[in-house]
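Working notes for the structure below.
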Amino acid sequence: MRTATLGPAERAAALAAMAERELDVLVVGGGVVGAGTALDAVTRGLSTGIVEARDWASGTSSRSSKLIHGGLRYLEMLDFALVREALKERGLLLERLAPHLVKPVPFLYPLQHRGWERLYAGSGVALYDAMSVSSGHGRGLSVHRHLSRKGALRVAPCLRGDALTGALQYYDAQMDDARFVLTLVRTAASYGALAAARARVTGFLREGERVVGARVQDVETGGEYVIRAKQIVNATGVWTDDTQALIGERGQFHVRASKGIHLVVPKDRIHSTTGLILRTEKSVLFVIPWGRHWIIGTTDTDWDLDKAHPAASSADIDYLLEHVNTVLATPLSRDDVQGVYAGLRPLLAGESDATSKLSREHTVAHPVPGLVVVAGGKYTTYRVMAKDAVDEAVHGLDQRVAPCVTEDTPLLGAEGYRALWNARARIAARTGLHVVRVEHLLNRYGSLAEEVLALVAEDPSLGEPLAAADDYLRAEVVYAASHEGARHLDDVLTRRTRVSIETFDRGTRSAREAAGLMAPVLGWDAGQIAREVEHYEKRVEAERESQRQPDDLTADAARLGAPDIVPI
């Protein structure tokens, strides 16, 4: 396997190499589906490249509920196939593919009616567990259990006594969505895929009807590249229609954006040992354990404004607080909210009744020779979407291609993770770090944590935490720039770490320290450091201002007050 490092030199080399020879597959889009597609293609022996217009996972794939789940509510819709597929993928990720990144998480479902509701909801959760076990990959999670009201209040004292008659507790799984995507990209690179973020497709090359390549602009330097490929996979999520427009072809389906927002509050504001799942008039509401915090979400509203920076309005925040407070003994207020983030779900909206029903399913199309489009779906089933996209691309290749092997291909950091976890006390003694710090690193990097620890060994000051964001070591900022493809301060504080949503200052107090750590790796001078910090502060203020606005239109206008940064 080749290096999995995504540093500045590797990025430049990847862009140059993509332009040197025709690839078998070029993937456009660096979210979870695009990254999964690159890994699927390269592990079948295909020469593969992947480009992303902004940062890895900068769109939908860093702004989800951070759950790997079967979708319990889809059972109620009788969508058994989707649930079964997702539960199998959940099991694979927990047991084999990414045990360092995907972890079990308990949820409590409060019951509000006696008798019939326990029977109805209990039957659904029992079926959920049974489908998980029958998939062959669900034995690692505890099965559900029934709780009385007293038992429910014992595990979740935060609940109002009059808000439930009893409860069900079941298990799903969670991950850091942005880190998961980054690990997919690095794994693909380790098998030989060429990967470059901040490389925007500005047009497609055509020979007659056939798409034979793409024109790509290096957003960092302004350079232009012509990348030829036998097959191109459009995996751009909510930007699918925009990407399709570059070839001037009418798509077979359209992708509609649905906005979902989440709130982040400190752990001590909700006294519970378990997550919560609450029914609302429109959908369900999750309260999800997240380290020293809780994530509360989500909403589901149409969005047809700026796709790059969807904005949460004051009305969105009030909606979530109002609904979660219906069951909390001590209500939350705006002052309890540390972070807010908004993301867009790519929902399929076809021109016929048949395709409009696909919403959370996915579809793959070959609208013109040489171009495959994959869209829709949900995070948990990214691997199935990637397999289907590559299967479709293979039809257009004049060669025999091996079948998909990603079901048996662990992600980087998985191999050796459990052995290192068992040795975490010894690692702590060797490095001088507290065992809790070692556990933090192992659950973010798996066995690649040794690379972060090597930085600390070279410079012990990197073993200290960020002054204003104690959960993260200074070494993690350096590693993000040197190994994980971070090009800007925003990449580090928003996606490589979660400082931007886990601190009340939204990361502004950490900005200068983090920029100073990144500077030597990325060759920044004092002027660029100042620009990075200023841009980050303006972004945070624009987001805060958008969250004070009453509706989507005014929130969107406020958020667009902070432009994207481009190096000078």
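This is a predicted model, so every value here is computed, not measured.
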Counting distance only, does the side-chain N/O of Glu10 pair as donor-acceptor with the main-chain N or O of Gly7 below 3.5 Å? yes

Check this for me: does any side-chain nitrogen of one of Arg11 and Glu220 sit under 4.0 Å from a carboxylate oxygen of the other? no

Under a 4.0 Å threshold between the charged nitrogen and the carboxylate oxygen, would Asp491 count as salt-bridged to Arg54? no

With rounding to the nearest 0.5 Å, note down the distance linking CG in Leu205 to CD1 in Ile227. 9.5 Å

Can you check whether Ala86's main-chain N or O pairs, donor with acceptor, with Thr380's side chain at less than 3.5 Å? no

Between Ala375 and Thr240, what is the shortest heavy-atom contact and its length? CB-OG1, 4.1 Å

Please determine, by modelled atom types, if Arg90 and Ser132 share a side-chain donor-acceptor pair under 3.5 angstrom. yes

Within a radius of less than 6.0 Å around CD of Glu224, do more than 12 heavy atoms belonging to other residues, nucleotides or ligands occur? yes

Sidechain-backbone polar pair: Asp172 side chain, His69 backbone, donor-acceptor under 3.5 Å: no

Test item: side-chain donor near acceptor, Asp24 and Ser47, under 3.5 Å: yes

Thr243 side chain to Thr236 side chain, donor-acceptor N/O pair below 3.5 angstrom: yes

Nearest 0.5 angstrom please: Leu441 CG to Leu453 CG, how far? 5.5 Å

As an exercise, state the distance from CZ of Arg63 to NE2 of His262, rounded to the nearest 0.5 Å. 12.0 Å

Quick one: do Tyr382 and Leu39 satisfy side-chain contact (heavy atoms from CB on, under 4.5 Å)? Show the steps, please. CA-CA 11 Å; Tyr382 81 89; Leu39 177 59; 5.8 Å; no

Identify which one of Arg198, Arg487, Arg496 satisfies the salt bridge (Lys or Arg N to Asp or Glu O under 4.0 Å) criterion when paired with Asp55. Arg496

Heavy-atom closest contact (Glu407 atom, Arg96 atom, distance): O-NH1, 2.9 Å

Taking atom OG1 of Thr298 and atom NZ of Lys259, what is their separation to the nearest 0.5 Å? 9.5 Å

Does this structure show an ion pair linking Asp176 with Arg498, if we count only N-O contacts that are shorter than 4.0 Å? yes

Test of understanding: with side chain to side chain donor-acceptor pair (under 3.5 Å), list the residues that count as partners of Glu85, not counting sequence neighbours. none

About how many Å separate OG1 of Thr406 and CG of Leu97, when rounded to the nearest 0.5 Å? 7.5 Å

One pair to check against side-chain contact (heavy atoms from CB on, under 4.5 Å): Asp306 and Arg559. What are the steps and the verdict? CA-CA 9 Å; Asp306 181 65; Arg559 176 60 186 88; 5.9 Å; no

Looking only at the side chains, is there a donor atom on one of His488 and Gln528 sitting less than 3.5 Å from an acceptor on the other? no

Who are the ring-ring contact (aromatic ring centres under 6.0 Å, His included) partners of Tyr536, not counting sequence neighbours? none

Okay, side chain of Thr60, backbone of Arg345: is any donor-acceptor separation there less than 3.5 Å? no

Mark yes or no for whether Glu532, through its side chain, and Leu489, through its backbone, hold a donor-acceptor pair below 3.5 Å. yes

Taking atom types as modelled, is there a side-chain donor on Trp290 or Glu502 under 3.5 Å from an acceptor on the other? yes

